[in-house]
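Here is the structure we will look at.
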Amino acid sequence: MDEPALIREAQHGDLDAFNRLVIQYQDCVFNTALRVLSDEEMAADAAQEAFIKAFRSIGSFRGGSFKAWLLRTVTNTCYDELRRTKRRPTVALEPETGEGEEMDTPRWLADPSLSPEEKFELDELEHAIQHCLDQLPDEFKAVVILVDVEGLDYSEVSKVVRRPLGTVKSRLARARLKVQECLQAFKELLPTIFRLEDEPIL
Amino acid sequence: MNTQLSSRDLGKLSAYLDGELSQAEITRLERRLETEPELRAVLQELHQTRMVLRRLPSRKAPRNFTLSRRMFGQNAPMPGAYYAVRSTLVTVSLVLVLVFVTNVLTYGPMLAVPGSEPMALVADHDAGAIAEQEVSEPAVEVMQTMEYAAPALAEEAPPMDKSVGEQPSEPPAVGEGRATAVAGNEFASAAAATPTPQAASTPVGMASGMPAQPEQVESDELTPWRSATDLQAQEGITSVSGRVDTTQSFIPGPRLWLILEVGLLVFILLLGLAMFIIRQIVIHKWRTKMK
């Protein structure tokens, strides 16, 4: 069944139809939550909560991009979670081992198909990027994640974050600039990343 | 990194990378990029950052997030119609509040419930004055219009209206039951002593307690000079020396406000009932499926 038909069925209360949409979008939703929250458990909880909220309010979906609509739900859920976390700032930013020590290369970053060197490089890269994303204000972070990580276009992001197109454009530019400044600190750690000068821009 | 770069240029460079600029903007920006090395340097930096961000690996969900009915318990998800009715309900409620506030601002707190009379005004008059008020009330607006309009008409009116200037103090012949023929200063003072909100803010012909419409027509036919002023008042003509508050002339009467408010209230109640019915049907179906 195609997506609009599944959405229509879900709007009539068909949970099975909605679950097929969940399976289709759960990686994207989880990934967005993970990049915004920087914590796997919190991201999983936020993704689950977002899907529950989405099913409850799917009657209010008026067409357009369903992915953008779902991402709006998960982004709002993440904002709520971040607000709660800021009120109770007890969560460490780095994942921890069973003994309570911070993991240099978190287990959840591992990909068995990569060589140890590639894995290390990728882990470091991901760690560095996530660290730089975490330095951004929440709304800037969401914009850069939605455009550069999830590949949404500006108009979709504008609907997700409920801000005008011009605001999205300027926030994205400033967020990229901030990330770029932050990544300068990892230049030696991540030499391959900055060997891009020769690549064509467009 | 050039810190002098304006945020607008920065936004354009970033949008240029994402292909979000119009063709005209692209042409302009590319022309600038040819001549401005600093702009090119920033574009290169943004490009690198974008490439780095796009290398961020996509993570798979650690588990399935599929939902079960037990997660919702008895809280069934509502259909689109429910949200449509809810949105309408909110909008209509806001309109009702707006209408009520406008009503209060127009007629004052004493007249928030249209049709009620300010006690202070009534207390100022003895029985005779009240009786006089009953007669003169519908004519107050006519008087005000006459008072303000007459001098201007004397100067500006076309030949037919010249008679206005010639016979300002002559009592007009008015139809029966119509605010009887009190003219000039005497009329003005009588009216000033008995101002009523209806008369002060209602166009001629709309004030409550007004005689029947045919009589109005009759009076208009009898007195050409009155006819001219009445017509001006009815049409809300503003050119009369700026003294006529024509904005008030367009405000509907208290009874209209009352009808509007009651109508909106009934509509809100119907919408609430519709929401309740939809909700009950959906919950019933949901519970049936859970069993």
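This is a predicted model, so every value here is computed, not measured. Below, chain A is the first sequence line, B the second, and so on; all start at residue 1.
Side-chain atoms of Glu20(B) come within 3.5 Å of backbone atoms of Tyr154(A) as a donor-acceptor pair (strictly under, hydrogens ignored). Of the possible donor and acceptor atoms, none in the side chain of Ser14(B) sits under 3.5 Å from a partner among the backbone N and O of Leu10(B). In this structure, Asn19(A) contributes its side chain and Leu67(B) its backbone to a donor-acceptor pair below 3.5 Å. Side-chain atoms of Glu261(B) never come within 3.5 Å of backbone atoms of Leu96(B) as a donor-acceptor pair (strictly under, hydrogens ignored).
No part of Ile58(A) comes within reach of chain B, as not one of its non-hydrogen atoms sits under 4.5 angstrom from that chain. Contact of Ser87(B) with chain A is not made at all, since no heavy-atom distance falls under 4.5 Å. Using a 4.5 Å cut-off between heavy atoms, Ser58(B) contacts chain A through both its backbone and its side chain. Proximity to chain B (any heavy atom under 4.5 Å) is shown, for Arg171(A), by neither the backbone nor the side chain. With a threshold of 4.5 angstrom between heavy atoms, Val168(A) does not approach chain B through any atom at all. Of the two parts of Asp153(A), the backbone and the side chain both hold a non-hydrogen atom closer than 4.5 Å to a non-hydrogen atom of chain B. With a 4.5 Å cut-off on non-hydrogen atoms, Arg63(B) touches chain A through its backbone and its side chain both. At a 4.5 Å heavy-atom cutoff, the contact between Gln11(A) and chain B is made by backbone atoms alone. With a threshold of 4.5 angstrom between heavy atoms, Phe61(A) does not approach chain B through any atom at all.
If you tally non-hydrogen atom pairs under 4.5 Å between each of Val149(A), Leu172(A), Ile52(A), Asp16(A) and chain B, the highest count goes to Ile52(A). Taking Arg62(A), Lys169(A), Gln26(A) one by one and counting their heavy-atom pairs under 4.5 Å with chain B, the maximum is reached by Gln26(A). Per-residue heavy-atom pair counts under 4.5 Å with chain B were compared for Asp27(A), Val144(A), Leu165(A), and the maximum is reached by Asp27(A). The candidate from Ala61(B), Gly11(B), Ala15(B) with the greatest count of non-hydrogen atom pairs under 4.5 Å with chain A is Ala61(B).
Side chains of Glu150(A) and Thr32(A): a donor on one and an acceptor on the other come within 3.5 Å.
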Item checked: side chain to side chain contact (heavy atoms under 4.5 Å, CB included) between Glu9(A) and Phe18(A), worked out -> CA-CA 8 Å; Glu9(A) 292 298 313; Phe18(A) 186 77; over 6 Å; no
Next item on the list: Show your working on side chain to side chain contact (heavy atoms under 4.5 Å, CB included) between Thr73(A) and Phe51(A) and close with a plain yes or no.
Entry: CA-CA 8 Å; Thr73(A) 310; Phe51(A) 281 122; over 6 Å; no
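At a threshold of 4.5 Å between non-hydrogen side-chain atoms, the residues Ile145(A) and Thr75(A) do not count as touching.
Ala142(A) and Val161(A) get closest at one heavy-atom pair: CB-CG1, 4.5 Å.
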